[in-house]
Amino acid sequence: MTNVLLLSETKFRQYTDVNNSLDTALIKNAIREASDIGLQNITGTILYNKLLDLVATDEIDLPTNSDYKTLIDSYIQDYLLYQSYWYSLDAIFLRPRNSGLVKPTGGDNADGVERDLYNLKRQSVQNKMEYYANRLTEYLIENQVTFPELNQANKLYEQTPDYSVKYKRPFGFNRTAGFAKYANENGLPVYDSRYPQYPQNYFGYGKKGKLPK
């Protein structure tokens, strides 16, 4: 798990409705989880590590890295804000005790969890997170040339960007999997109908079940 945060605790507190007394360690852990699990799934491991390195070495502010800074400031931080908030809700509203899961009310006091209220809050945060996840995904798709790291993963432990839930198509396959080829050969649409300007889309296959020559 990374120790480099792409979203500051200050911004997390400023743009969410969490109480000012919320534990700093809880917030930082939620941001780490959101980055390692959620963000890395969208950007892929290579681009994700590139961003962490630029921030850790303070090179993110160099003019030559302006594209990466724009990516973080204008797209990633909005996504991380709600993804990390979503991850933090478990620790905010639920605490494990010998008697089971309880809802803290201050000090050593705790009440039983109101499941419906908790689920309502979590869903509200998730809806906002998904909006910014879509926005980030679409920005990366439009700027693949700017961020070549998106397509550089070649090891099993390096995640490739997973956009399968972002598309209007009945089946989602990894772009390197043979299943996508077989689906196209048999007339199953596995291309992205949302982006007609890309006849050879991210998954590398053409329309109407035909493979590109």
Side-chain angles (χ1 to χ4, degrees), residues 1-2 5-18 22 26-52 68-94 113-144 146-147 149-151 153 159-175 180 189-198 201-203:
M1 182 174 286
T2 181
L5 302 184
L6 300 180
L7 176 73
S8 69
E9 176 191 348
T10 300
K11 190 166 186 176
F12 180 92
R13 291 185 184 275
Q14 181 179 2
Y15 290 101
T16 64
D17 55 1
V18 300
L22 187 64
L26 186 154
I27 294 175
K28 288 184 176 181
N29 188 58
I31 296 173
R32 289 190 188 99
E33 288 181 338
S35 299
D36 279 346
I37 300 173
L39 178 60
Q40 187 173 188
N41 191 51
I42 296 176
T43 64
T45 299
I46 304 299
L47 178 56
Y48 178 60
N49 287 338
K50 169 80 171 184
L51 296 172
L52 295 181
Y68 295 98
K69 182 172 175 58
T70 297
L71 177 62
I72 293 176
D73 292 348
S74 300
Y75 296 91
I76 286 178
Q77 288 195 346
D78 287 334
Y79 163 74
L80 283 181
L81 181 67
Y82 292 101
Q83 179 70 93
S84 58
Y85 190 12
W86 188 84
Y87 274 108
S88 74
L89 286 174
D90 274 350
I92 292 174
F93 289 105
L94 304 172
V113 175
E114 299 173 6
R115 183 183 299 272
D116 291 343
L117 183 61
Y118 169 74
N119 288 340
L120 181 64
K121 180 64 174 179
R122 193 172 175 85
Q123 186 61 55
S124 174
V125 175
Q126 181 175 335
N127 291 342
K128 296 172 185 177
M129 178 271 292
E130 289 177 347
Y131 168 80
Y132 286 109
N134 280 321
R135 185 169 174 265
L136 170 59
T137 296
E138 291 171 354
Y139 180 76
L140 289 174
I141 290 172
E142 292 282 1
N143 292 277
Q144 290 183 60
T146 304
F147 305 109
E149 298 86 359
L150 287 167
N151 299 305
Q159 290 181 240
T160 56
D162 181 7
Y163 303 146
S164 60
V165 297
K166 311 298 180 187
Y167 295 98
K168 291 181 179 177
R169 51 189 170 77
F171 298 99
F173 299 104
N174 185 288
R175 65 190 176 93
V190 295
Y191 60 87
D192 175 14
S193 62
R194 289 179 65 188
Y195 299 96
Q197 69 268 42
Y198 301 127
N201 61 65
Y202 180 78
F203 289 85

Rounded to the nearest 0.5 Å, what separates atom OG1 in Thr160 from atom CG in Leu47? 12.5 Å

If every non-hydrogen atom of Arg122 is compared with every non-hydrogen atom of Asp90, which pair is closest and at what distance? NH1-OD1, 3.5 Å

So does Leu120 get a backbone contact from the side chain of Ser124, meaning a donor-acceptor N/O pair under 3.5 Å? no

Results of side-chain contact (heavy atoms from CB on, under 4.5 Å) for Ser8 - residues two or more places apart only: Thr10, Lys11

List the residues meeting side-chain contact (heavy atoms from CB on, under 4.5 Å) with Ile72, not counting sequence neighbours, and say none if there are none. Leu6, Leu51, Val55, Ile60, Ile76, Gln77

Quiz question: by atom type and distance under 3.5 Å, do the side chains of Thr45 and Gln40 form a donor-acceptor pair? yes

Rounded to the nearest 0.5 Å, what separates atom OH in Tyr79 from atom CG in Leu136? 8.0 Å

Treating Arg13 as the side-chain partner and Ile27 as the backbone partner, does any N or O pair qualify as donor plus acceptor under 3.5 Å? no

Closer than 3.5 angstrom, by distance alone: can the side chain of Ser74 be matched with the main-chain N or O of Leu71 as a donor-acceptor pair? no

Gln123 meets the side chain to side chain donor-acceptor pair (under 3.5 Å) criterion, sequence neighbours left out, with Asn127

How long is the straight-line distance from CG of Leu39 back to CD of Glu33, given to the nearest 0.5 Å? 14.0 Å

I'd like to check Leu140 versus Pro161 (side-chain heavy atoms, cut-off strictly below 4.5 Å). Are they in contact? no

About how many Å separate CG of Leu81 and CE of Met129, when rounded to the nearest 0.5 Å? 12.0 Å

Evaluate the side-chain proximity of Gln144 to Ile141: yes if any heavy-atom separation is below 4.5 Å, no if none is. yes

Atom CD1 in Ile42, atom CG in Leu150: separation rounded to 0.5 Å? 11.5 Å

With distance as the sole criterion, is a donor-acceptor pair present between the side chains of Asn29 and Tyr87 under 3.5 Å? no

Given 3.5 Å as the limit, does a donor-acceptor pair link the side chain of Asn41 with the main chain of Ile37, or not? no

Checking Tyr82 now: which residues fulfil ring-ring contact (aromatic ring centres under 6.0 Å, His included) with it, not counting sequence neighbours? Tyr132

I need the Leu26 CG to Ile31 CD1 distance, nearest 0.5 Å. 10.0 Å

Quick one: do Phe12 and Val18 satisfy side-chain contact (heavy atoms from CB on, under 4.5 Å)? Show the steps, please. CA-CA 9 Å; Phe12 180 92; Val18 300; 3.9 Å; yes

Asp17: what forms a side chain to side chain donor-acceptor pair (under 3.5 Å) with it, not counting sequence neighbours? Tyr85, Lys121

Atom of Gln159, atom of Ala153 and distance for their closest heavy-atom approach: O-CB, 3.9 Å

Sorted by chain and residue number, the side chain to side chain donor-acceptor pair (under 3.5 Å) partners of Tyr68 (sequence neighbours excluded) come out as Glu149

By ring-ring contact (aromatic ring centres under 6.0 Å, His included), Tyr139 pairs with (sequence neighbours left out) Tyr75

Check: Leu5 main-chain N/O paired with Arg32 side-chain donor or acceptor under 3.5 Å: no

Hits for side chain to side chain donor-acceptor pair (under 3.5 Å) against Lys69, two or more places apart or cross-chain, chain-then-number order -> Asp61, Asp73

Considering all heavy atoms of both residues, which atom of Leu80 and which atom of Ser84 are nearest to each other, and what is their separation? O-OG, 2.5 Å

